[in-house]
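Bear in mind that the values here come from a model prediction, so they are computed numbers and not experimental data. Residue numbers begin at 1 in each chain, while the letters A, B, ... track the order of the sequences.
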Amino acid sequence: MPKPKQLKANFFARSVHHVAPELIGATLLVDGVGGRIVEVEAYHHTDPAAHSFGGRTERNAVMFGPPGHAYVYRSYGIHWCLNFICEPEGSASGILIRAIEPTAGLPAMRRRRGLKDERLLCSGPGRLGEALGIARAKHNGARLDHAPFAVFAPEARPEIIAGPRIGISKATELPWRYGLKGSKFVSKRFPEAG
DNA sequence: TATGAGATCAACT
DNA sequence: GTTGATCTCATAC
């Protein structure tokens, strides 16, 4: 096995539409726990569904900061969701990590989730946040190329599929959800053509 | 398989 | 007071 290449901050300093598909197949670790990214969604600041669309607030402040950092927010009052900030500083665009295929630290994830089913461990932004132990106090604004985070490039270029985003009420027609084709670990199956 | 309600917090009107 | 980038459990086919 060749040594995997760790992604640095400059990887994220590009358009979310370039970075998002390239994250599919990459490996995300938090304190050594995580796995292969199989599903993400891009949120551009011109997009009505993005948290940054209405301007800077206390919650979304890190979206307006430099790329290569983590943006963590509370969803529906219960879940912590993890985003990667992209593009040049100030553009306030990011990528929501929606699902990973667990490969490292399975026991820790099972313990936090209280589940045995590997497939349901990280198949959704809220589940992923719980399995990786994500919390705003610990991870909001943290660098993605420093501990406890580590992101590694895919070994080979995976087959990627795109589709409309999930769980939002605005701009639902934009096909900015990306996934690993055929993966059983996505939060919801992609509408396959044909 | 599909639909519906509850949980629970912070931003926003 | 309402809404949301969600998940789980219950109930109905």
Side-chain angles (χ1 to χ4, degrees), chain A residues 12 15-17 19-21 23-24 28 30 34-35 37-65 67 69-87 91-102 109-142 144 160-180 183-192:
Chain A
F12 299 97
S15 162
V16 286
H17 304 308
V19 178
L23 282 174
I24 301 300
L28 165 67
V30 182
I37 298 175
V38 297
E39 183 184 352
V40 300
E41 281 177 5
Y43 284 89
H44 195 255
H45 67 288
T46 56
D47 165 10
H51 284 172
S52 52
F53 180 70
R56 181 180 181 136
T57 66
E58 202 169 325
R59 173 174 68 156
N60 64 26
V62 319
M63 290 190 80
F64 290 79
H69 287 233
Y71 164 50
V72 177
Y73 72 94
R74 184 77 105 168
S75 171
Y76 290 89
I78 0 202
H79 300 111
W80 293 113
C81 296
L82 174 64
N83 293 247
F84 292 173
I85 300 308
C86 292
E87 313 216 18
S91 61
S93 303
I95 297 170
L96 171 68
I97 310 302
R98 289 191 55 90
I100 68 177
E101 174 183 340
M109 290 194 267
R110 287 208 185 90
R111 182 166 11 96
R112 287 183 239 198
R113 295 271 296 123
L115 276 179
K116 283 185 186 171
D117 192 341
E118 198 175 304
R119 196 165 140 176
L120 295 177
L121 232 39
C122 303
S123 59
R127 293 167 173 164
L128 189 153
E130 185 174 25
L132 299 192
I134 298 294
R136 182 163 69 173
K138 277 195 273 185
H139 301 112
N140 194 39
L144 296 171
I160 292 164
I161 190 166
R165 292 172 295 177
I166 291 184
I168 56 175
S169 56
K170 299 169 191 167
T172 53
E173 74 284 357
L174 298 173
W176 290 350
R177 174 176 180 237
Y178 301 94
L180 180 63
S183 173
K184 294 179 170 53
F185 295 90
V186 297
S187 62
K188 194 179 172 195
R189 293 194 79 76
F190 283 79
E192 306 249 2

Discussion item. What contact category does A/R177 fall into here, base, sugar-phosphate, or nothing, at under 4.0 angstrom with non-hydrogen atoms?
Written reply: nothing
Worksheet item: Which whole-number value in Å describes the distance from A/R136 CZ to B/dA11 C1'?
Response: 11 Å
Worksheet item: A/S93 and A/H45: side-chain donor and acceptor closer than 3.5 Å?
Response: yes
Practice prompt. Could you state the atom-to-atom distance from NZ of A/K188 to C1' of C/dA5 in whole Å?
Written response: 14 Å
Discussion item. Once you apply a heavy-atom cut-off of 4.0 Å, does A/G126 come out as touching a base, just sugar-phosphate, or nothing?
Written reply: sugar-phosphate
Worksheet, complete the sentence: 5'-most contact on DNA chain C (nearest-nucleotide basis), A/E130 vs A/L96, goes to A/L96
Worksheet item: What nucleotide, of B/dA11, C/dC7, B/dC12, holds the atom closest to the side chain of A/E58?
Response: B/dA11
Worksheet item: Does A/R113 put a side-chain nitrogen or oxygen below 4.0 Å from OP1 or OP2 of C/dT8?
Response: yes
Worksheet item: Within less than 4.0 Å of OP1 or OP2 of C/dT6, is there a side-chain N or O belonging to A/R98?
Response: yes
Response to the item:
Atom CG of A/L82 and atom P of C/dT6 are separated, to the nearest Å, by 14 Å
Practice prompt. Would you check if A/Y43 stacks with the base of C/dA5, given a 5.5 Å centroid limit and a 30° plane limit, both strict?
Written response: yes
Practice prompt. Please report, rounded to the nearest Å, how far the P atom of B/dC9 is from the CH2 atom of A/W80.
Written response: 10 Å
Worksheet item: Is any N or O donor-acceptor pair between the side chain of A/Y73 and the base of C/dA5 shorter than 3.5 Å?
Response: yes
Worksheet item: Tell me: OH of A/Y71 to P of B/dA11, nearest whole Å?
Response: 9 Å
Fill in: A/M109 CE to A/R127 CZ distance, which is reported to the nearest 0.5 Å
14.0 Å
Worksheet item: Which nucleotide, in any strand shown, forms a Watson-Crick or G-U wobble pair with C/dA5, with both distances under 3.5 Å?
Response: none
Item to complete: With heavy atoms under 4.0 Å as the rule, sort A/N60 into base, sugar-phosphate or nothing.
Response: nothing
Practice prompt. Provide the closest heavy-atom pair for A/L120 versus A/R113 in the form atom of the first, atom of the second, distance.
Written response: O-NH2, 2.9 Å
Item to complete: Using only side-chain N and O atoms of A/H51, determine if any of them is under 4.0 Å from OP1 or OP2 of C/dA5.
Response: yes
Worksheet item: Where the side chain of A/I78 is concerned, which of B/dA11, C/dA5, B/dT8 is the nearest nucleotide?
Response: B/dT8
Worksheet item: More 5' along DNA chain B: A/G55 or A/R74, using each one's nearest nucleotide?
Response: A/R74
Worksheet, complete the sentence: A/R119 atom CZ is separated from C/dC7 atom C1', nearest whole Å, by 16 Å
Discussion item. Mind checking if A/S187 touches a base, just sugar-phosphate, or nothing, with heavy atoms under 4.0 Å?
Written reply: nothing
Fill in: Closest listed nucleotide, where the reference is the side chain of A/Y76 and the choices are C/dT6, B/dC12, B/dA11
C/dT6
Discussion item. Could you check whether A/R136 makes a cation-pi contact with A/Y73, meaning its NZ or CZ is under 6.0 Å from the centre of the six-membered ring and within 45° of the ring axis?
Written reply: no
Practice prompt. To the nearest 0.5 angstrom, please state how far the CH2 atom of A/W176 sits from the CD atom of A/E41.
Written response: 11.5 Å
Worksheet item: Take atom CD in A/E173; do more than 12 heavy atoms of anything else shown fall under 6.0 Å from it?
Response: yes
Worksheet item: Can a cation-pi geometry be assigned to A/R59 and A/Y71, taking NZ or CZ under 6.0 Å from the six-membered ring centre and within 45° of the ring axis?
Response: no
Worksheet entry | Atom-to-atom span, CG of A/N140 to P of B/dA10 - whole angstrom | 13 Å
Item to complete: Hunt down the Watson-Crick or G-U wobble partner of B/dT8, both distances under 3.5 Å, from any strand shown, or write none.
Response: none
Response to the item:
Side-chain contact check for A/R127: nearest option of B/dA11, C/dT8, C/dA5 is C/dT8
Worksheet, complete the sentence: Atom CZ of A/R189 and atom P of B/dT1 are separated, to the nearest Å, by 12 Å
Worksheet item: Out of B/dA10, C/dG4, C/dC7, which has the shortest distance to the side chain of A/H79?
Response: C/dC7
Worksheet entry | Interatomic distance at P, C/dA5 relative to B/dT13, whole Å | 14 Å
